[in-house]
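One structure is given below, encoded as structure tokens.
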Protein chains: 2
Amino acid sequence: MRDADSGTLAEQLFHSLTEAILLGELAPGTKISEPILAQRYGVSRGPLREALHRLQERRLIVRSANHGARVIVPTPQMLASIFAVRETLEGLAAKEAATLMSDDELAALADGVRCHERELQGSEAGRHNALGKADEDFHFRIAQASQNPLLIDLLCNQLYPLLRLYRSRNDNSSLRKRALTEHQRVLSALRDHDPEMAELAMKRHIASAKARRTMALQSGSDLDPETEKI
Amino acid sequence: MRDADSGTLAEQLFHSLTEAILLGELAPGTKISEPILAQRYGVSRGPLREALHRLQERRLIVRSANHGARVIVPTPQMLASIFAVRETLEGLAAKEAATLMSDDELAALADGVRCHERELQGSEAGRHNALGKADEDFHFRIAQASQNPLLIDLLCNQLYPLLRLYRSRNDNSSLRKRALTEHQRVLSALRDHDPEMAELAMKRHIASAKARRTMALQSGSDLDPETEKI
DNA sequence: GTAGACATATGTGTTGACAGAATAACCGAA
DNA sequence: TTCGGTTATTCTGTCAACACATATGTCTAC
């Protein structure tokens, strides 16, 4: 699992900064000052700049010459773009997975769905993280099962992280139940090794998730346009 | 069109190295020595390393800690992965373009196709480049017409460049004629503003192109496994 | 003759410092 | 008071040098 060079400062910075952006510690629109950020992480500007160049390719920051870098600001348009691409790509993943998944992989996926179900019926405390993990785990497993390295990379390393920028805090359990039902439907199609059904079920699930996410984004709407500077 | 920072050395190096890799000047599997490459391009190692980190994210080189970077080696498996992803993404682009394309954009696209047609009937000399350009232009225009920034970036900046690694020298005109026919079919669907038909026509075209490319790859098979070192 | 260990050398990772550009602050005039 | 110009400072881009890890080559022991 050691991704390329895991020991270098640039690599650690790349992952730390990715997490910081996705967790909101580096707020959207934040102007990134290389000296300040380097001092905060206790490193020199060299490795930091290398990490920033990678973040640029991952679309997490935007850079312009002699003007510095800014954390990307999520927009409804970009959310729509992500979901449109995600719908087709995850549909493809489900289609491929339907023919490729082994019994062991199917069992593991079913375990995850059952775990998801239990979480939903469980107590209120600490559900959000567990449910979020369960959902991510479901899609992650299916992407892996496609055995398409490019598809896996696009989904797991580019789209899923980007989506975390839009994660909302307020989602009720009725929507969660709906998601679980859709997961079960996808799982059923995968068990039947039915590519077309799996693709369609997954595409419908993503479209449904898009509607939920968009709704939550509008109700929450905690976008602060002030471009704070670290 | 100025992509981010166009004036910096790191940016120029990024584009130069991208071209060098896609043109084969930096052969697949080549071990990249930072001092040597920096000297060749007349720059320091700083900007070069920043460019290399971006190339890593673009999947054009692979890096491992304290071992340096190597130019990616194209494999039939990766070609299959690219085409599988490309088929769905270009299908999506065509579907979106069918409802969004203006009359002007359609006219420009039709012009391109007619130009493509003339090139096919023209003389032998210098057809390859013109035909390759015409083909790329066709897909490029449709991607742009989707008005989906993420989709445009994935296709134009990531998949199309990667495909150039597999470009073959030997392709006969009968295959070219087939491609033109498929282009005309996609154009026809776009003119009718028929999303489903456009998507299907484009997906079939990509699948057909995959077959052509795979065939050419097997017949050509000019893969040299020796990992030369610059 | 071969295997293992040591020494050399090349290369990557990192740092600090310098030059040019852009932003910010300041001052003066209308 | 406000607008324009000028100065000063901060920041980005770039470079050269240092430290450490890895690879290479040689030498000795078996």
Side-chain angles (χ1 to χ4, degrees), chain A residues 2-18 20-21 26-27 29-58 60-73 225-230, chain B residues 2-18 20-21 26-27 29-58 60-72 226-230:
Chain A
R2 289 169 55 92
D3 183 28
D5 41 3
S6 160
T8 73
L9 279 182
E11 181 74 8
Q12 296 173 18
L13 273 174
F14 176 69
H15 289 119
S16 298
L17 291 176
T18 299
I21 292 175
L26 265 60
T30 301
K31 170 78 164 57
I32 291 178
S33 166
E34 292 179 4
I36 297 177
L37 206 58
Q39 187 182 7
R40 175 187 294 189
Y41 283 88
V43 296
S44 181
R45 279 179 56 220
L48 175 66
R49 283 176 62 88
E50 294 169 2
L52 290 181
H53 278 271
R54 293 185 63 184
L55 289 173
Q56 175 186 7
E57 289 301 308
R58 287 279 175 100
L60 291 177
I61 66 173
V62 289
R63 294 175 10 98
S64 59
N66 297 320
H67 281 255
R70 301 192 90 91
V71 179
I72 200 175
V73 296
E226 77 270 12
T227 61
E228 101 185 69
K229 173 180 174 183
I230 87 155
Chain B
R2 289 168 54 90
D3 183 27
D5 41 3
S6 160
T8 72
L9 281 181
E11 181 74 7
Q12 296 173 19
L13 273 173
F14 175 69
H15 289 118
S16 297
L17 291 175
T18 298
I21 292 176
L26 265 60
T30 302
K31 170 80 164 56
I32 291 178
S33 165
E34 292 179 5
I36 296 176
L37 205 59
Q39 187 182 10
R40 174 187 293 188
Y41 284 88
V43 297
S44 180
R45 280 180 55 218
L48 175 65
R49 283 175 62 87
E50 294 170 2
L52 290 181
H53 279 270
R54 291 185 64 183
L55 290 173
Q56 175 185 8
E57 289 301 308
R58 287 277 176 100
L60 291 177
I61 66 173
V62 289
R63 295 176 8 100
S64 58
N66 297 318
H67 281 254
R70 300 193 92 90
V71 178
I72 201 176
E226 76 270 12
T227 61
E228 103 183 69
K229 171 180 174 181
I230 90 158

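Values below: every heavy atom of this structure, side chains too, minus hydrogens, waters and symmetry copies. Residue numbering restarts at 1 for every chain, and letters A, B, ... go by the order of the sequence lines.
- Atoms CD1 (B:Ile32) and P (C:dG11) sit 14 Å apart, rounded to a whole Å.
- With A:His53 as the fixed residue, the side-chain hydrogen bond (donor to acceptor under 3.5 Å, both in side chains) test singles out one of B:Glu11, B:Glu57, B:Glu50: B:Glu50.
- No donor-acceptor distance shorter than 3.5 angstrom exists from the side chain of B:Arg63 to the backbone of B:Ala69, with no hydrogens or angles considered.
- Here the P atom of nucleotide C:dT14 and the CD atom of A:Glu11 are 10 Å apart, to the nearest Å.
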Any N/O pairs under 3.5 Å between the protein and nucleotides 15-22 of chain C? List them or say none.
residue: C:dT15; atom: OP2; partner: A:Ser44; partner atom: N; Å: 3.0

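- The two atoms that bring A:Pro47 and A:Leu13 nearest to each other are C-CD1, 3.9 Å, heavy atoms only.
- A:Ile61 and A:Leu52 get closest at one heavy-atom pair: CD1-O, 3.3 Å.
- Note: CG (A:Leu37) to P (D:dC11) measures 12 Å, nearest angstrom.
- Between the P atom of D:dA16 and the CZ atom of B:Arg49 lies a distance of 16 Å, rounded to the nearest Å.
- In this structure, the CD1 atom of B:Ile36 is 17 Å from the P atom of C:dA9, given to the nearest Å.
- Considering every non-hydrogen atom in both B:Gln12 and B:Gly7, the closest pair reads NE2-O, 3.2 Å.
- Nearest heavy-atom pair, A:Ala65 versus B:Thr8, reported as atom, atom and distance to 0.1 Å: CB-CG2, 4.0 Å.
- Residue A:Lys31 places at least one side-chain N or O under 4.0 Å from the OP1 or OP2 atom of D:dT12.
- Distances shorter than 4.0 Å separate none of the side-chain N or O atoms of A:Arg63 from OP1 or OP2 on D:dC11.
- Residue B:Arg70 contributes atom CZ, which lies 15 Å from atom C1' of C:dT12 at whole-angstrom precision.
- For B:Gln39 and D:dA16, the CD to P distance is 12 Å, given to the nearest whole Å.
- When each of D:dG13, C:dG11, D:dT12 is scored by its nearest atom to the side-chain atoms of B:Ser33, the top-ranked nucleotide is C:dG11.
- Residues B:Ala51 and B:Ala10 approach most closely at CB-O, 3.7 Å, considering heavy atoms.
- Rounded to a whole Å, the CG atom of B:Leu48 is 16 Å from the P atom of D:dG13.
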